[in-house]
Amino acid sequence: MKIKQWVRQNKVTVAGAVLGLILGYLYYHFIGCSSGSCAITSRPLNSSLYGAVMGGLFFSLFQRKES
């Protein structure tokens, strides 16, 4: 029950993380790093997680604070 409440309160951040996850994977798939020496874009997991973190952080800037 507490997870549902947390997700409702942070739905903008969660949406940003999901969008970032998808965009991170798409970046890996279409651009990526062919040599394998890039730390973030050499594997789909790394790229997707990095995108999720960046998306969540960016979208959290637009979340309204409850007072």
Side-chain angles (χ1 to χ4, degrees):
M1 193 65 170
K2 291 185 182 228
I3 293 174
K4 286 182 183 180
Q5 182 181 10
W6 183 86
V7 169
R8 273 191 219 119
Q9 289 175 346
N10 298 298
K11 61 185 166 190
V12 174
T13 304
V14 171
V18 170
L19 181 64
L21 184 85
I22 293 167
L23 291 176
Y25 179 79
L26 290 175
Y27 184 86
Y28 161 79
H29 183 72
F30 291 111
I31 298 171
C33 182
S34 59
S35 67
S37 63
C38 309
I40 295 173
T41 59
S42 62
R43 293 179 40 208
L45 178 65
N46 294 348
S47 185
S48 298
L49 289 178
Y50 183 78
V53 169
M54 291 297 117
L57 286 173
F58 181 70
F59 274 48
S60 71
L61 293 172
F62 303 107
Q63 184 168 340
R64 294 185 181 188
K65 302 290 181 190
E66 294 181 18
S67 48

> Running the 4.5 Å side-chain criterion over Ile, Leu, Val, Met, Phe, Trp and Tyr, what cluster does L45 land in, apart from itself?
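Answer for L45: L49.
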> Scan for side-chain hydrogen bond (donor to acceptor under 3.5 Å, both in side chains) pairs involving residues 41-51, sequence neighbours excluded, and state none if there are none.
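Every candidate side-chain hydrogen bond (donor to acceptor under 3.5 Å, both in side chains) pair involving residues 41-51 fails, so no pair, neighbours aside, qualifies.
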> Which pairs count as disulfide (SG to SG under 2.5 Å) when at least one residue sits in residues 6-66, sequence neighbours excluded?
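Applying disulfide (SG to SG under 2.5 Å) to every pair that reaches into residues 6-66, excluding sequence neighbours, yields C33-C38.
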> Please set out all donor-acceptor pairs under 3.5 angstrom arising from side-chain atoms of residues 2-26, sequence neighbours excluded.
unit_1: N10; atom_1: OD1; unit_2: Q63; atom_2: NE2; d: 3.1
unit_1: N10; atom_1: ND2; unit_2: W6; atom_2: O; d: 3.0
unit_1: T13; atom_1: OG1; unit_2: Q63; atom_2: OE1; d: 2.7

> Distance-only criterion, 3.5 Å: show the donor-acceptor pairs between side-chain atoms of residues 52-61 and protein atoms not counting sequence neighbours.
unit_1: S60; atom_1: OG; unit_2: G56; atom_2: O; d: 3.4
unit_1: S60; atom_1: OG; unit_2: L57; atom_2: O; d: 2.7

